[in-house]
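Whatever order the structure lists ligands and atoms in, that order sets their numbers, starting from 1. These numbers were taken from a predicted model, which means no experiment stands behind them.
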Amino acid sequence: MNKQEILEQLAKAVVEGDKNSARENAQAAVDEGLDPLEAVDRGLSKGMAVVGANFESGESFLPELLMAADSFNAAMEILNPLIEANKQKISKLGTALLATVKGDMHNIGKNIVATVLETNGFEVVDIGIDQSTLNIIEAAQKHKADFIGLSSVMTTTMPYQKEVIETLSEMGLREKFFVLVGGGPVTQKWADEIGADGYGETAVDAVGVAKKLLEKKG
Ligand code: B12
């Protein structure tokens, strides 16, 4: 199989919720020396976008979403060690506290952001899904985070990204942390509107944005 075929097969495996095929094609990607992040962005994530659209149009239902998520994660188990093997041997750049905001159970994207930040020299404290604003802020203080990364995959939970920023201000803590926002429906426009320090469309963007913010800080 060539590279393009592997990427297409990865997408197809997610669309069909076929765990075995997801594993086999992730292994093919590894064997053929594909960039694992390209396999995620141009393979698995492409499939997930189709799954989301089918769900929205009523063509598929929750079980299909679950099977797609399982297949995505099965492929990630094979790709993650390769992503981690590229880990840069650099001193710690900073600590990022990551969470999916309140009411939101989606974690696939956040987990990828965590892995990619880690492999690029950041220490990551991932407190998981459905995290209240106060939990997030407490954890950021406890772990002396430089960044707070907020994932929100549903339009209905995006307001909690805003709530975290507002609450930080009310508590007099806004200057202590850089706040990064991301997730499917999140845009640069939204990030600007709520006064976030940075937005990343993909996990790789998140690294670039975080590094730029550190440079600015000096
Ligand atoms: C898989 C999935 C699920 C799985 C989640 C499994 C899991 N462990 O995460 C399950 C089946 C559990 C699920 C449940 C539900 N889901 Co759902 N789900 C999806 C789906 C298909 C894919 C999401 C995903 O994983 N994408 C792949 C990852 C890699 O992409 P990503 O999350 O965007 O992340 C990337 C970037 O955004 C960025 N990023 C992400 N986070 C961050 C954070 C920072 C700081 C930065 C910088 C960057 C960044 O980097 C990532 C990698 O590049 C989406 C459709 C879609 N197009 O998003 C619907 C979707 C999000 N779900 C939806 C819905 C409605 C639901 C349910 C309510 C369904 C139901 N009736 O129960 C429940 C909600 C439960 C809850 N309260 O959260 C809707 C949301 C609609 C809306 N209001 O916005 C969507 C959009 C589907 C649709 N088109 O209708 N879901």
> Taking only heavy atoms of Ala69, which atoms of ligand 1 are found under 4.0 Å from at least one of them?
Replying inline: 6 (C)
> For atom 1 (C) of ligand 1, is the nearest protein heavy atom closer than 4.0 Å?
Replying inline: yes
> By number and element, which atoms of ligand 1 are closer than 4.0 Å to a non-hydrogen atom of Ile112?
Replying inline: 29 (C)
>> Donor-acceptor check, side chain of Gln131 to backbone of Ile127, threshold 3.5 angstrom: yes or no?
In response: yes
> Can a protein heavy atom be found under 4.0 Å away from atom 55 (C) of ligand 1?
Replying inline: yes
>> Protein non-hydrogen atoms only, distance under 4.0 Å: does atom 44 (C) of ligand 1 have such a neighbour?
In response: yes
> Nearest non-hydrogen atom to atom 17 (Co) of ligand 1 belongs to which of Glu64, His106, Glu56?
Replying inline: His106
> How close does the nearest protein non-hydrogen atom get to atom 48 (C) of ligand 1, and which residue and atom is it?
Replying inline: Gly200 O, 3.4 Å
>> Any nitrogen or oxygen of Ser151 lying under 3.5 Å from a nitrogen or oxygen in ligand 1? Just yes or no.
In response: yes
> About how many Å separate NZ of Lys92 and CZ of Phe122, when rounded to the nearest 0.5 Å?
Replying inline: 11.0 Å
> Is there any N or O on Ser45 that sits under 3.5 Å from an N or O of ligand 1?
Replying inline: no
> Quick one: does Tyr199's side chain have a donor or acceptor within less than 3.5 Å of a partner on Val186's backbone?
Replying inline: yes
>> Tell me the protein heavy atom at minimum distance from atom 22 (C) of ligand 1, and give that distance in Å.
In response: Met48 CG, 3.5 Å
> How far is atom 90 (O) of ligand 1 from its nearest protein heavy atom, and which residue and atom is that?
Replying inline: Phe55 CD2, 3.5 Å
> Is a donor on one side and an acceptor on the other found under 3.5 Å between the side chain of Asp146 and the backbone of Thr95?
Replying inline: yes
> Within the distance-only criterion (no hydrogens, no angle test), does the side chain of Arg174 pair as donor or acceptor with the backbone N or O of Phe177 below 3.5 angstrom?
Replying inline: yes
>> Below a 4.0 angstrom heavy-atom separation, can you tell me which part of Val153, side chain or backbone, both or neither, approaches ligand 1?
In response: both
> Any sub-3.5 Å donor-acceptor pair from Glu32's side-chain atoms to Ala29's backbone N or O?
Replying inline: no
> Taking heavy atoms and a distance under 4.0 Å, where does Val40 meet ligand 1: side chain, backbone, both or neither?
Replying inline: neither
> Of all the non-hydrogen atoms in the protein, which one sits nearest to atom 76 (C) of ligand 1, and at what distance?
Replying inline: Met105 CG, 3.3 Å
> Which residue supplies the protein heavy atom nearest to atom 34 (O) of ligand 1, what is that atom called, and how far is it?
Replying inline: Gly109 CA, 3.3 Å
>> Show the atoms of ligand 1 that are less than 4.0 angstrom away from any heavy atom in Leu150.
In response: 43 (C), 45 (C)
> For ligand 1, which atoms have a heavy atom of Asp104 less than 4.0 angstrom away?
Replying inline: 78 (O)
>> Could you identify the single nearest non-hydrogen protein atom to atom 9 (O) of ligand 1 and state the distance to 0.1 Å?
In response: Asn107 N, 2.7 Å
>> Do Glu163 and Thr133 pair up side chain to side chain, a donor and an acceptor below 3.5 Å, judged on atom types alone?
In response: yes
> Between the main-chain N or O of Val51 and the side-chain N or O of Glu64, is there a donor-acceptor pair closer than 3.5 Å?
Replying inline: no
> Just going by heavy-atom distances, which of Val181, Leu37, Leu62 is nearest to atom 69 (C) of ligand 1?
Replying inline: Leu62
>> Which of the numbered atoms in ligand 1 are under 4.0 angstrom from any heavy atom belonging to Ala206?
In response: 47 (C)
>> Looking at Gln141, I'd like to know if its CD atom is crowded, meaning that more than 12 non-hydrogen atoms belonging to other residues, nucleotides or ligands lie closer than 6.0 Å.
In response: yes
>> In the complex you have, is atom 79 (C) of ligand 1 within reach of the protein, judged by whether a heavy-atom distance drops under 4.0 Å?
In response: no
>> Just to be sure I read this right, does ligand 1 sit under 4.0 Å from the backbone of Asp130, its side chain, both, or neither, counting only heavy atoms?
In response: neither
> Considering all heavy atoms of both residues, which atom of Gly47 and which atom of Val15 are nearest to each other, and what is their separation?
Replying inline: O-CG2, 3.6 Å
>> I want to confirm something. Looking only at heavy atoms, which of Thr155, Val179, Thr202, Ile129 is nearest to atom 83 (N) of ligand 1?
In response: Thr155
> In ligand 1, which numbered atoms sit nearer than 4.0 Å to a non-hydrogen atom of Glu201?
Replying inline: 36 (C), 37 (O), 38 (C)
> Do any N or O atoms from the side chain of Ser21 and from the backbone of Asp18 form a donor-acceptor pair under 3.5 angstrom?
Replying inline: no
> Which residue supplies the protein heavy atom nearest to atom 11 (C) of ligand 1, what is that atom called, and how far is it?
Replying inline: Leu65 CB, 3.5 Å
> Can you tell me the protein heavy atom closest to atom 67 (C) of ligand 1 and the distance?
Replying inline: Met154 SD, 4.6 Å
> Protein heavy-atom contact under 4.0 Å for atom 19 (C) of ligand 1?
Replying inline: yes
> Between the candidates Gly149, Gly184, Gly183, which shows the shortest non-hydrogen contact distance to atom 40 (C) of ligand 1?
Replying inline: Gly183
> Counting heavy atoms only, which part of Val113 comes closer than 4.0 Å to ligand 1: side chain, backbone, both or neither?
Replying inline: side chain
>> Would Glu77 and Asn73 count as a side chain to side chain donor-acceptor pair (under 3.5 Å) here? Give the steps.
In response: CA-CA 6 Å; Glu77 278 172 25; Asn73 286 331; over 6 Å; no
> Does at least one non-hydrogen atom of Ala203 fall below 4.0 angstrom from an atom of ligand 1?
Replying inline: yes
>> Please confirm whether Gly103 approaches ligand 1 to less than 4.0 Å, judged on its heavy atoms.
In response: yes
> Can you tell me if Asn25 uses its side chain to pair, donor with acceptor, with the backbone of Leu10 under 3.5 Å?
Replying inline: no
> How about Asn20 and Glu24: does a side-chain donor come under 3.5 Å of a side-chain acceptor?
Replying inline: no
>> Between Asp205 (side chain only) and Thr202 (backbone N and O only), is there a donor and an acceptor less than 3.5 Å apart?
In response: yes
> Hey, does Phe72 come in under 3.5 Å of ligand 1, counting only N/O atoms on both sides?
Replying inline: no
> Are the charged groups of Lys3 and Glu38 less than 4.0 angstrom apart, N to O?
Replying inline: yes
> What atoms of ligand 1 come closer than 4.0 angstrom to any heavy atom of Leu66?
Replying inline: 11 (C)
> Under 4.0 Å from any heavy atom of Gly52, which atoms of ligand 1 are there?
Replying inline: 21 (C), 55 (C), 88 (C), 89 (N)
>> Taking atom CD as the centre, does Glu193 end up with more than 12 heavy-atom neighbours from other residues, nucleotides or ligands that are less than 6.0 angstrom away?
In response: yes
> How far apart are the closest heavy atoms of Ile129 and Asp104, and which atoms are they?
Replying inline: CB-O, 3.6 Å
> Any donor and acceptor pair, going by atom type alone, linking the side chain of Thr100 with main-chain N or O of His106 inside 3.5 Å?
Replying inline: yes
